[in-house]
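Below is one structure; the comments refer to it alone.
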There are 2 protein chains.
Amino acid sequence: MPQPHDAQMRLAVSTVIFALRPDAAGRAVLWTPLVRRTREPQLGLWALPGGWLPVNEELEVAAARTLRATTGLAPKYLEQLYTFGEVDRSPDARVVSVVYWALVQSDEAARAVAGPNVRWVPADTLPGLAFDHNRIVEYALWRLRTKVEYTELAHSFLGETFTLAELREVYEAVLQRPLDPANFRRTMIASGRLRETGELLAGAAHRPPKLYRYDASVRTAGAREPFQSERPAS
Amino acid sequence: MPQPHDAQMRLAVSTVIFALRPDAAGRAVLWTPLVRRTREPQLGLWALPGGWLPVNEELEVAAARTLRATTGLAPKYLEQLYTFGEVDRSPDARVVSVVYWALVQSDEAARAVAGPNVRWVPADTLPGLAFDHNRIVEYALWRLRTKVEYTELAHSFLGETFTLAELREVYEAVLQRPLDPANFRRTMIASGRLRETGELLAGAAHRPPKLYRYDASVRTAGAREPFQSERPAS
DNA sequence: GAGAGTTCAGGTCAGTCTGACTCGAACTGC
DNA sequence: GCAGTTCGAGTCAGACTGACCTGAACTCTC
């Protein structure tokens with residue numbers, strides 16, 4: 001029979017945050033911000049942003065708050081990932097962590113706050129993190145990579161308007177493989193979710209591309225997934 | 001800044017259990033077992049099986065235990081569904097529930113324990129449940145119905161060996177639409193996951209069908225999903 | 001200012017996949 | 001022995017996808 005838990009059990013909320021940034025070679029890759037632990041256990045190690053869940057705060061709000069505290073930005077996409085609760089995942093008390101994952105816009109991420117206790121690292125080559133956080137980020141990466149193929153969340157990395165080449169770059173960075181530009185255009189247009197703004201992006205040394213805007217109002221064919229939030233309250 | 005939670009916050013584990021059973025008309029549909037609440041709040045209402053998380057018990061083990069306590073059976077499939085933590089979902093203290101969903105074998109479910117405080121109901125026509133449990137079951141149903149289309153979890157409803165017609169019945173009951181027998185056979189065989197046992201099922205008033213066995217050892221084309229468990233420890 | 005170099009936008013084509021359908025095989029019940 | 005059923009295997013047309021082609025439209029270089 002279940003027994004009431006005692007004060008040794010604590011509930012935390014953490015968030016895996018993803019943004020696209022250029023790597024050393026200038027190619028866009030996934031980055032994630034980490035915070036340095038300022039207290040025991042695991043003092044000094046890098047960890048996911050997060051904290052204890054306040055009694056009167058919603059889980060998703062707590063996730064958005066820690067995200068803002070770390071990056072100074074509001075997520076364009078925020079969704080619950082998984083709840084990690086292994087008995088031995090923290091050396092001291094039993095800690096159950098409700099983990100969210102978030103996408104933030106690339107150009108805003110470029111001017112994200114940085115400091116001695118906040119550090120952005122490439123999501124695919126993580127250092128050794130505190131607790132089971134390496135495993136958590138790997139799962140979040142897996143979820144992002146599978147979900148980007150059957151949903152329309154890629155635009156969350158971009159601004160209000162974008163070209164098809166920019167959108168394709170997002171897919172290529174997330175999926176880590178090149179996509180045929182012509183076929184990519186065809187499938188994106190066929191999805192019915194893109195609206196032409198009527199404007200072109202001038203300045204490049206080639207034919208100026210059309211600017212598009214994402215249209216979320218189009219009804220999805222299948223049933224819409226519950227419990228996701230687009231542009232949550234900041 | 002996050003503040004440490006106090007004793008007003010409690011962590012629970014619940015499970016949505018699905019099994020196939022014939023309805024009044026004899027057609028196989030999804031059923032789920034409920035338990036009657038024996039204490040306040042919501043005393044007397046029907047609710048999901050579950051309980052408080054013991055400090056030294058793993059989340060998944062706690063889910064399997066409550067499942068066994070309710071149905072007397074071991075699940076053939078068990079996976080974390082979502083964590084529900086709205087501040088006002090329980091009238092008294094703040095309760096955060098880590099919810100799992102499980103599939104149990106049809107013929108075993110037929111001899112599941114029943115009593116004044118345990119009741120099986122058709123999953124699509126639920127009575128008014130305690131707390132936010134209606135919403136939770138609906139989400140679990142959505143997850144089952146979408147996931148059965150791109151994974152191989154349907155066989156979890158069946159025994160060791162089964163005919164293609166039996167497997168098709170599972171899909172039809174879950175998806176709530178008829179499937180073409182010939183096309184169903186083609187795609188199932190093409191998946192490479194079915195092994196002929198060499199035996200036939202005799203006795204029916206038609207050509208005897210082959211018996212198949214599910215082969216989990218075949219490598220999946222895409223990356224395998226983490227954090228699912230097939231046949232967890234009972 | 002003409003040509004080179006680039007990507008953009010739209011198209012073709014072949015192979016794959018999927019839903020609808022057909023037909024003989026193999027059993028039981030009458 | 002015939003009717004009725006599902007089983008198992010096959011056909012066919014349309015949809016979809018990856019590979020590829022071509023003219024359009026811009027900037028940069030000479």
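Letters A, B, ... are given to chains in the order of the sequence lines, protein chains preceding strands, and every chain is numbered from 1.
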Polar atom pairs (N or O), protein with nucleotides 1-7 of chain C, under 3.5 Å:
residue, atom, partner, partner atom, Å
C:dG5, N2, A:A205, O, 2.8

Where do N or O atoms of nucleotides 17-19 of chain C meet protein N or O atoms at under 3.5 Å, pair by pair?
residue, atom, partner, partner atom, Å
C:dG19, N7, B:R186, NH2, 2.8
C:dG19, O6, B:R186, NH1, 3.2

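Residue order along DNA chain D, read from the 5' end via each residue's closest nucleotide, puts B:E196 first among A:G203 and B:E196.
When the shell of 6.0 Å around CZ of A:R27 is examined, it contains 12 or fewer heavy atoms from other residues, nucleotides or ligands.
End-to-end axis angle of the helix from C:dG1-D:dC30 to C:dC30-D:dG1, from C1' rotation axes over five pairs per end: 10° (rounded to 10 degrees).
In this structure, the ring of A:Y214 has its center no less than 6.0 angstrom from the ring center of A:Y212.
Side-chain polar atoms of B:Y139 and B:R143 form a donor-acceptor pair below 3.5 angstrom. Between the side chains of B:S14 and B:S97, no donor-acceptor pair of N or O atoms lies under 3.5 Å.
Regarding B:L200, its CG atom lies at a distance of 13 Å from the C1' atom of D:dT6, rounded to whole Å. Per the geometry, CZ belonging to A:F184 stands 11 Å off P belonging to C:dC8, to the nearest Å. One atom, CZ of A:R185, and another, C1' of D:dG18, lie 17 Å apart when rounded to the nearest Å. Here the P atom of nucleotide D:dG8 and the CG atom of B:L167 are 13 Å apart, to the nearest Å. Rounded to whole Å, atom C1' of C:dA20 lies 14 Å from atom CG of B:L179. Per the geometry, CG belonging to B:L201 stands 11 Å off P belonging to C:dT28, to the nearest Å.
Summarising the geometry of A:A102 relative to A:P75, their closest heavy-atom pair is CB-CB, 4.0 Å, with the distance given to 0.1 Å. The minimum heavy-atom distance linking A:L73 with A:L67 is given by the pair O-CD2, 3.1 Å. Between B:V137 and B:A123 the shortest heavy-atom distance is CG1-O, 4.4 Å.
The structure places OH of B:Y82 at 7.5 Å from CZ of B:R135, a figure rounded to the nearest 0.5 Å. To the nearest 0.5 angstrom, B:L175 atom CG is 10.0 Å from B:T146 atom OG1. The distance from atom OG1 of A:T32 to atom CG of A:D124, rounded to the nearest 0.5 Å, is 11.0 Å.
Of the charged side-chain nitrogens involved, none lies within less than 4.0 Å of a carboxylate oxygen, so that A:K76 and A:E108 do not count as a salt-bridged pair.
Counting non-hydrogen atoms under 4.0 angstrom, B:A204 reaches the backbone sugars and phosphates but no base.
Contact annotation: A:K210 side-chain N/O to D:dA25 OP1/OP2 distance is not under 4.0 Å.
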